[in-house]
Amino acid sequence: MVSELKIGEIVTAIYKTGKYIGEITEVRPQAYLVRVLAVLKHPMQGDLHNPKDADVLIFHERKALSYREQANIPFKMVKPFESEVPDYTDSLKESLAKMKQELAESPSEWAEMSLKALESLEKDYKI
């Protein structure tokens, strides 16, 4: 697959279960290197291979990528972004609040464990 986007373009990028706004800093053979500027969707908590399952060996806390952290993201997971880029901290707070509300509305053991993980991450984020 040939890359269509160029270095310097502002894009949305899906990485694992999170969605971010970022800037392409490098075009690689299979992926874009994207520098994170904002968070659109906070990553889901728990085991990526057993989504929404509380009965797993290790229930992972999944942090959002940090401001200006770079990640290799496959071409098909990157799309142009046309709007204004929000402040990273504001976008992180908003994505956390949205995920916490969604979890609170779906009572399950997985949702409870996810809420605990998010509360712990909030302390780490210092927001």
Side-chain angles (χ1 to χ4, degrees):
M1 183 172 161
V2 180
S3 73
E4 296 157 17
L5 301 169
K6 295 173 180 40
I7 292 172
E9 282 193 64
I10 303 300
V11 295
T12 61
I14 296 172
Y15 183 75
K16 295 189 177 166
T17 61
K19 187 172 182 181
Y20 303 90
I21 299 169
E23 176 185 1
I24 296 173
T25 58
E26 196 176 317
V27 178
R28 296 188 167 169
Q30 304 294 316
Y32 296 109
L33 187 62
V34 177
R35 178 185 296 131
V36 173
L37 301 174
V39 182
L40 285 174
K41 181 179 181 291
H42 195 281
M44 285 175 60
Q45 303 303 296
D47 186 335
L48 291 180
H49 303 290
N50 298 290
K52 299 193 177 185
D53 189 352
D55 190 21
V56 291
L57 200 56
I58 300 172
F59 194 88
H60 296 274
E61 264 187 17
R62 303 215 172 270
K63 269 188 145 166
L65 294 174
S66 325
Y67 181 63
R68 298 184 65 78
E69 182 174 350
Q70 298 201 79
N72 283 307
I73 303 181
F75 293 146
K76 68 179 191 277
M77 303 304 250
V78 178
K79 305 275 184 274
F81 182 73
E82 304 294 329
S83 300
E84 198 173 311
V85 178
D87 173 74
Y88 177 84
T89 305
D90 293 345
S91 71
L92 178 60
K93 283 181 190 172
E94 211 171 287
S95 68
L96 262 173
K98 188 174 180 201
M99 179 162 276
K100 284 167 72 176
Q101 184 176 349
E102 287 169 9
L103 290 167
E105 290 168 4
S106 64
S108 69
E109 191 180 353
W110 171 81
E112 282 177 38
M113 291 171 75
S114 293
L115 279 167
K116 283 189 181 95
L118 289 175
E119 284 165 12
S120 170
L121 287 173
E122 260 183 311
K123 291 181 183 104
D124 289 351
Y125 293 148
K126 295 174 178 56
I127 57 173

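All values below were derived from every heavy atom in this structure, side-chain atoms included, with hydrogens, water molecules and symmetry-related copies excluded.
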Under 3.5 Å, side-chain donor or acceptor atoms of residues 11-23 against the rest of the protein: list the pairs with distances, not counting sequence neighbours.
| from | atom 1 | to | atom 2 | distance (Å) |
| --- | --- | --- | --- | --- |
| Thr17 | OG1 | Met44 | N | 2.7 |
| Tyr20 | OH | Leu65 | N | 3.0 |

From [atom1] ([X]) to [atom2] ([Y]), nearest 0.5 Å:
X	Y	atom1	atom2	result
Ser91	Glu94	OG	CD	7.5 Å
Glu102	Ser114	CD	OG	11.5 Å
Lys79	Glu4	NZ	CD	9.0 Å
Ser120	Leu115	OG	CG	12.5 Å
Leu96	Ile127	CG	CD1	5.0 Å
Ser106	Glu112	OG	CD	10.0 Å

If I compare all heavy atoms of [X] with all of [Y], which pair ends up nearest, and what's the gap?
X	Y	value
Glu61	Ala117	CG-CB, 3.7 Å
Tyr88	Leu37	CB-O, 3.4 Å
Tyr32	Leu5	OH-N, 3.0 Å

Problem - Glu105 atom CD, over 12 foreign heavy atoms within 6.0 Å - result: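 Atom CD in Glu105 is crowded, with more than 12 foreign heavy atoms closer than 6.0 Å.
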Problem - For Phe81, all residues meeting ring pair (Phe, Tyr, Trp, His ring centres under 6.0 Å), sequence neighbours excluded - result: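 Per chain and number, Phe81 pairs via ring pair (Phe, Tyr, Trp, His ring centres under 6.0 Å) with no residue.
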Within the 4.5 Å heavy-atom criterion, are [X] and [Y] side-chain neighbours or not?
X	Y	result
Val36	Ser66	no
Lys41	Met99	yes
Lys63	Tyr125	yes

Find out if a path of hydrophobic residues (ILVMFWY) with successive side-chain heavy-atom gaps under 4.5 Å connects [X] to [Y].
X	Y	answer
Phe75	Met77	yes
Leu40	Ile10	yes
Leu33	Ile7	no

Name every donor-acceptor pair, under 3.5 Å, that has one atom in a side chain of residues 48-56 and the other anywhere in the protein, sequence neighbours excluded.
| from | atom 1 | to | atom 2 | distance (Å) |
| --- | --- | --- | --- | --- |
| Asn50 | ND2 | Asp47 | OD2 | 3.2 |
| Asp53 | OD1 | Asp55 | N | 2.9 |

Exercise for the section: For Leu92 and Thr89, run side chain to side chain contact (heavy atoms under 4.5 Å, CB included): C-alpha distance rounded to whole Å, both residues' side-chain angles, the deciding distance at 0.1 Å, then the answer. Expected result: CA-CA 5 Å; Leu92 178 60; Thr89 305; 5.7 Å; no
Practice task
Determine, stepwise, if the pair Leu103 / Gln45 fulfils side chain to side chain contact (heavy atoms under 4.5 Å, CB included).
Solution key: CA-CA 11 Å; Leu103 290 167; Gln45 303 303 296; 5.8 Å; no
Handout entry: Partner of Thr25 under side chain to side chain donor-acceptor pair (under 3.5 Å), chosen from Arg35, Gln70, Arg68
Key =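 Going through Arg35, Gln70, Arg68 one by one, the side chain to side chain donor-acceptor pair (under 3.5 Å) with Thr25 is satisfied by Gln70 alone.
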